[in-house]
Novice: 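Structure in structure tokens, see below.
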Amino acid sequence: MPKLTGLVAAVGLLLTATAAILATHIAMPRPASAHEDHGHFSAGEPGDPKKPARVVNIKMFEGSGKMGYEPARIEVRRGEQIRFVLQNDGEEDHEFILATVAENRKHAQVMKKNPDMEHDDPNAKRLLPHENGEIVWKFTKRGTFEFACLIPGHYEKGMVGQIIVK
């Protein structure tokens, strides 16, 4: 009988520990993220790199207290797929984040708390100085969208552009 009592006590202890671990993980808040909704993109959807796309070269730069993109305004047709070829000509890291103005404002607040946040979303790319990158995007919705660098201070120095989808 003492062996059975010990076994029951051990199983009880194991179940209690498991319940405590689960309760801790369930109750713990997750860290804030600007990328909580990976499946929804306001400006369209990730493009298919195997399909034809119009190439739009975007240069990122800084100098004389200003930062920006060239070009800073792009027009596309609804349904068009664009291959953004990004080139950071600056001496600082820069980003290209495609979203609505409101979404970028919300993301900018998170970036102030996490300035080194990595972006692995199809609508965002962070580039080191003199680095190149690409984003392939299909614009499925009409409207005005924004691309911006949300590294703290960069947007305020002019690192923002506009995409008009007709």
Side-chain angles (χ1 to χ4, degrees), residues 25-63 66-166:
H25 286 289
I26 292 170
M28 287 182 70
R30 294 171 64 164
S33 171
H35 309 288
E36 292 172 354
D37 191 3
H38 291 281
H40 168 75
F41 299 101
S42 58
E45 62 191 37
D48 182 348
K50 296 176 184 165
K51 292 188 177 179
R54 175 167 57 115
V55 174
V56 174
N57 294 300
I58 305 268
K59 290 187 180 186
M60 304 170 172
F61 63 89
E62 78 265 347
K66 295 189 177 204
M67 297 183 172
Y69 298 99
E70 181 60 43
R73 186 174 188 278
I74 302 162
E75 290 188 12
V76 302
R77 293 181 326 275
R78 183 174 164 244
E80 187 174 13
Q81 180 165 285
I82 303 291
R83 179 180 307 273
F84 292 102
V85 178
L86 309 170
Q87 181 179 338
N88 183 353
D89 285 349
E91 300 300 323
E92 297 184 37
D93 289 10
H94 290 301
E95 298 178 325
F96 179 95
I97 300 178
L98 176 60
T100 64
V101 172
E103 288 166 338
N104 275 342
R105 285 317 133 263
K106 182 178 175 184
H107 188 149
Q109 293 305 312
V110 175
M111 288 289 295
K112 284 181 182 176
K113 296 174 186 170
N114 304 290
D116 296 321
M117 180 186 294
E118 292 291 326
H119 297 98
D120 63 353
D121 292 327
N123 68 323
K125 183 75 74 178
R126 185 173 186 147
L127 298 176
L128 297 172
H130 308 289
E131 187 177 38
N132 298 320
E134 285 190 0
I135 291 178
V136 179
W137 198 259
K138 184 174 181 181
F139 290 90
T140 60
K141 301 171 186 173
R142 286 185 173 90
T144 301
F145 302 96
E146 175 179 88
F147 54 96
C149 181
L150 302 179
I151 295 171
H154 291 208
Y155 186 95
E156 295 79 6
K157 290 181 181 176
M159 197 126 200
V160 60
Q162 187 178 59
I163 296 179
I164 313 287
V165 183
K166 296 180 175 187

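For this chain, numbers begin at 1 and follow the sequence in order. What you see is a predicted model; the values in this text were computed from it and never measured.
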Novice: Using distance alone, with no hydrogens and no angle criterion, decide if H154 and E95 have a side-chain donor and acceptor under 3.5 Å apart.
Specialist: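 Their side chains do not contain a donor-acceptor pair, so the 3.5 Å distance test is not met.
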Novice: Compare every heavy atom of A72 with every heavy atom of V160, then report the nearest pair and how far apart it is.
Specialist: O-CB, 4.2 Å
Novice: State the CD1-CD1 distance between I58 and I74, to the nearest 0.5 angstrom.
Specialist: 3.5 Å
Novice: Please confirm whether the backbone N or O of N123 pairs with a side-chain atom of D121, one donor and one acceptor, at under 3.5 Å?
Specialist: no
Novice: Quick check on salt bridge (charged side-chain N to carboxylate O under 4.0 Å, His left out): which of R54, K51, K166 does E80 satisfy it with?
Specialist: R54
Novice: Between I163 and F84, is the side-chain contact (heavy atoms from CB on, under 4.5 Å) condition met? List the steps.
Specialist: CA-CA 12 Å; I163 296 179; F84 292 102; 3.8 Å; yes
Novice: Treating Y69 as the side-chain partner and G158 as the backbone partner, does any N or O pair qualify as donor plus acceptor under 3.5 Å?
Specialist: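 A pair under 3.5 Å: no.
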Novice: I'd like to know whether K141 forms a side-chain contact (heavy atoms from CB on, under 4.5 Å) with V165, so could you lay out the CA-CA distance, the side-chain angles of the two residues, the decisive distance to 0.1 Å, and finally the verdict.
Specialist: CA-CA 7 Å; K141 301 171 186 173; V165 183; over 6 Å; no
Novice: Return the minimal non-hydrogen interatomic distance between D93 and I151, and the atom names on each side.
Specialist: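 Residues D93 and I151, closest heavy atoms: O-CD1, 3.5 Å.
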Novice: Tell me the closest heavy-atom pair linking G90 and P129, and the distance in Å.
Specialist: O-CB, 3.4 Å
Novice: side-chain contact (heavy atoms from CB on, under 4.5 Å) for E103 and S42? Distances and angles first, verdict last.
Specialist: CA-CA 9 Å; E103 288 166 338; S42 58; 2.6 Å; yes
Novice: Find the distance between CG (L150) and NE2 (H94) and round it off to the nearest 0.5 Å.
Specialist: 12.5 Å
Novice: Distance from E70 atom CD to K59 atom NZ, nearest 0.5 Å?
Specialist: 8.5 Å
Novice: Would you name the heavy atoms of E146 and T100 that are closest together and state the gap between them?
Specialist: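 Reported closest heavy-atom pair: OE1-O, 4.3 Å.
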Novice: Which distance, rounded to the nearest 0.5 Å, do you find between the CD of E75 and the OG1 of T144?
Specialist: 9.5 Å
Novice: Examine distances only and state if a side-chain atom of Q81 and a backbone atom of G47 form a donor-acceptor pair shorter than 3.5 Å.
Specialist: no
Novice: Judged by atom type as modelled, is there a donor-acceptor pair below 3.5 Å linking the side chain of W137 to the main-chain atoms of L98?
Specialist: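 Pair absent, no side-chain N/O of W137 close to backbone of L98.
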Novice: Output the distance between atom CD1 (I82) and atom CD (E134), rounded to the nearest 0.5 Å.
Specialist: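 Going from the CD1 atom of I82 to the CD atom of E134 covers 12.5 Å.
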Novice: Would you check, one step at a time, whether the test side-chain contact (heavy atoms from CB on, under 4.5 Å) holds for N104 with Y155?
Specialist: CA-CA 10 Å; N104 275 342; Y155 186 95; 5.6 Å; no
Novice: Counting N and O atoms only, with roles assigned by atom type, does the side chain of R83 sit under 3.5 Å from a partner on the main chain of P49, one being a donor and the other an acceptor?
Specialist: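 Judged by distance alone, yes, a pair lies under 3.5 Å.
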Novice: Can you tell whether the side chains of E131 and K125 come within less than 4.0 Å, N to carboxylate O?
Specialist: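 Looking at E131 and K125, the cut-off is not met.
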Novice: Rounded to the nearest 0.5 Å, how far does CD1 of I97 lie from CZ of R126?
Specialist: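 The CD1 atom of I97 is 8.5 Å from CZ of R126, to the nearest 0.5 Å.
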Novice: Are the side chain of N88 and the backbone N or O of L128 linked by a donor-acceptor pair below 3.5 Å?
Specialist: yes
Novice: Carefully, step by step, assess H130 and E91 under the rule side chain to side chain donor-acceptor pair (under 3.5 Å).
Specialist: CA-CA 7 Å; H130 308 289; E91 300 300 323; 3.0 Å; yes
Novice: Can a donor-acceptor pair be found, under 3.5 Å and without considering hydrogens, that links the side chain of R78 to the backbone of T140?
Specialist: yes
Novice: Between K157 and E62, does at least one N-O distance fall below 4.0 Å, as a salt bridge requires?
Specialist: no
